[in-house]
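All chains are named by letter (A, B, ...) in the order of the sequence lines, taking the proteins before the strands, and each is independently numbered beginning at 1.
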Protein chains: 2
Amino acid sequence: MEKLNNTLLYTIDKCFRSYHQFAQKNVKQAGYEITIDQWLILKSIHENPDFSQNDIGKILFKDNASITRIIQLLVKAGYLNRKEHPEDRRRVQLSLTPKGIKITEEVHLIALENRANALKDVNPEHLQELKQMLDQIIKNCTE
Amino acid sequence: MEKLNNTLLYTIDKCFRSYHQFAQKNVKQAGYEITIDQWLILKSIHENPDFSQNDIGKILFKDNASITRIIQLLVKAGYLNRKEHPEDRRRVQLSLTPKGIKITEEVHLIALENRANALKDVNPEHLQELKQMLDQIIKNCTE
DNA sequence: GGTCAATAGTTGATATATCAACTATATTTT
DNA sequence: AAAATATAGTTGATATATCAACTATTGACC
């Protein structure tokens, strides 16, 4: 049987895990009490103030149930406001609190450092190719 | 603020999720009652019969606590045997049952198909580069 | 206008991830 | 050999992932 470490899923999996752990550790060490997943949700709302939970789920590739629960924690932590959407009562309208904006932007700086460190000695010309290949794989897996 | 979809973690995250969901769906549709994570553990033991739980955790980049719990399910499902290690009573000795060997090998075939489909239209010459970049990122994040 | 289907989100059950605290055993040190 | 340290694994608490069943609301169709 073919060896584990030859399979692509294995390498992507490991890369994702190591990067995620690395990023989370650095956020924590900088003194922030937030998970990467929570931050990604805040960031997506910050960039797209009209987003529904559904929209967030789509761009982050998360299940709606996960979004619901993470958002509950973000509201509880004082980073996010939830209210009924004025035009569609099925939806909720999300907005960052000042505290939420602050942590989103501050953690973003750490995220930039993380990326720079993670990409050390990676040929920047190849980076675009890397992204294209990953996007092609995403496309193949979701069509 | 820089857009979400420019960040590398985001693309790797999304690629991992889409591939994982795609792979899991295909395993399920083929009629197998096993998760990808469980299969990866079976596969690592199949390839390395002397592995400790610790060893498995290291190559799969999983926490020992996760390994313990997944292995509990694998034993319960009849795929795996656990007994005390003859030379070190702290360790457990793991071995696949015939049923475990069967599913490991059968799901492997699906995994090969999954990979082929995921890599459709990805230049095979670039594939080696992709793996090298991912390995470099792993290295940067774990040193 | 009433019925049916689609959409937005929630909740329950179970699997996995993470960290910290813990037990048991083995190894090292002195 | 006793004490200190290291290693292997477990358990509790909490966060996230996944799927299915569910409620509420909106939109489409007739």
Trainee: Does C/dT11 have its OP1 or OP2 closer than 4.0 Å to a side-chain nitrogen or oxygen of A/T68?
Mentor: no
Trainee: Would you classify B/S66 as touching base, sugar-phosphate or nothing, given that sugar-phosphate means primed atoms plus P, OP1 and OP2, and contacts are heavy atoms under 4.0 Å?
Mentor: base
Trainee: Take atom CD of B/E33 as the centre, draw a 6.0 Å sphere, and report whether it contains more than 12 heavy atoms from other residues, nucleotides or ligands.
Mentor: no
Trainee: Side chains of A/S52 and A/D55 only: does a donor on one sit below 3.5 Å from an acceptor on the other?
Mentor: yes
Trainee: Please say which of A/R82, A/K62, A/R91 ends up in a side-chain hydrogen bond (donor to acceptor under 3.5 Å, both in side chains) with A/Q53.
Mentor: A/R82
Trainee: Between C/dT25 and B/R89, counting only base atoms on the nucleotide and side-chain atoms on the residue, is there a donor-acceptor pair under 3.5 Å?
Mentor: no
Trainee: Is there a side-chain polar atom (N or O) of B/Q53 under 4.0 Å from OP1 or OP2 of D/dT10?
Mentor: yes
Trainee: Are there over 12 heavy-atom neighbours, none belonging to A/Q29, within less than 6.0 Å of that residue's CD?
Mentor: yes
Trainee: How long is the line joining CD of A/E84 and P of D/dT23, in whole Å?
Mentor: 19 Å
Trainee: Would you say A/K62 reaches D/dT16's phosphate, i.e. side-chain N/O to OP1/OP2 under 4.0 Å?
Mentor: no
Trainee: Just to be sure I understand the rule, does B/Q93 reach a base, reach only the sugar-phosphate, or reach nothing, if contact means heavy atoms closer than 4.0 Å?
Mentor: nothing
Trainee: Rounded to the nearest Å, what distance is computed from the CG atom of residue A/D63 to the P atom of nucleotide C/dT11?
Mentor: 14 Å
Trainee: Please tell me if B/R91 has a side-chain N or O lying less than 4.0 Å from either OP1 or OP2 of D/dT10.
Mentor: no
Trainee: Hey, which of these two, A/Q38 or A/D88, hits DNA chain D nearer its 5' end, going by closest nucleotide?
Mentor: A/Q38
Trainee: For B/R69, answer base if it contacts any base atom (sugar-phosphate contacts may also be present), sugar-phosphate if it contacts only those atoms, and nothing otherwise; contact means non-hydrogen atoms under 4.0 Å.
Mentor: base
Trainee: Rounded to the nearest angstrom, tell me the gap between atom CZ in B/R17 and atom P in C/dT16.
Mentor: 16 Å
Trainee: Roughly how many Å is it from CD in A/E87 to P in D/dT25, rounded to a whole number?
Mentor: 17 Å
Trainee: What's the CD-P distance between B/Q24 and C/dA15, to the nearest Å?
Mentor: 12 Å
Trainee: In whole angstroms, how far is the C1' atom of D/dT18 from the NZ atom of B/K28?
Mentor: 9 Å
Trainee: Quick check: on DNA chain C, is the nucleotide nearest A/I67 upstream (toward 5') of the one nearest A/Q21, or the reverse? Name the residue that is more 5'.
Mentor: A/I67
Trainee: Just the rounded figure in Å: distance from C1' of D/dC22 to CG of A/N64.
Mentor: 14 Å
Trainee: Strictly by modelled atom types, are B/N140 and B/Q136 linked by a side-chain donor-acceptor pair under 3.5 Å?
Mentor: yes
Trainee: D/dG9 phosphate, OP1 or OP2: any side-chain N/O from B/S52 under 4.0 angstrom?
Mentor: yes
Trainee: Return the value, rounded to whole Å, for the distance between atom CZ of B/F16 and atom P of C/dT16.
Mentor: 12 Å
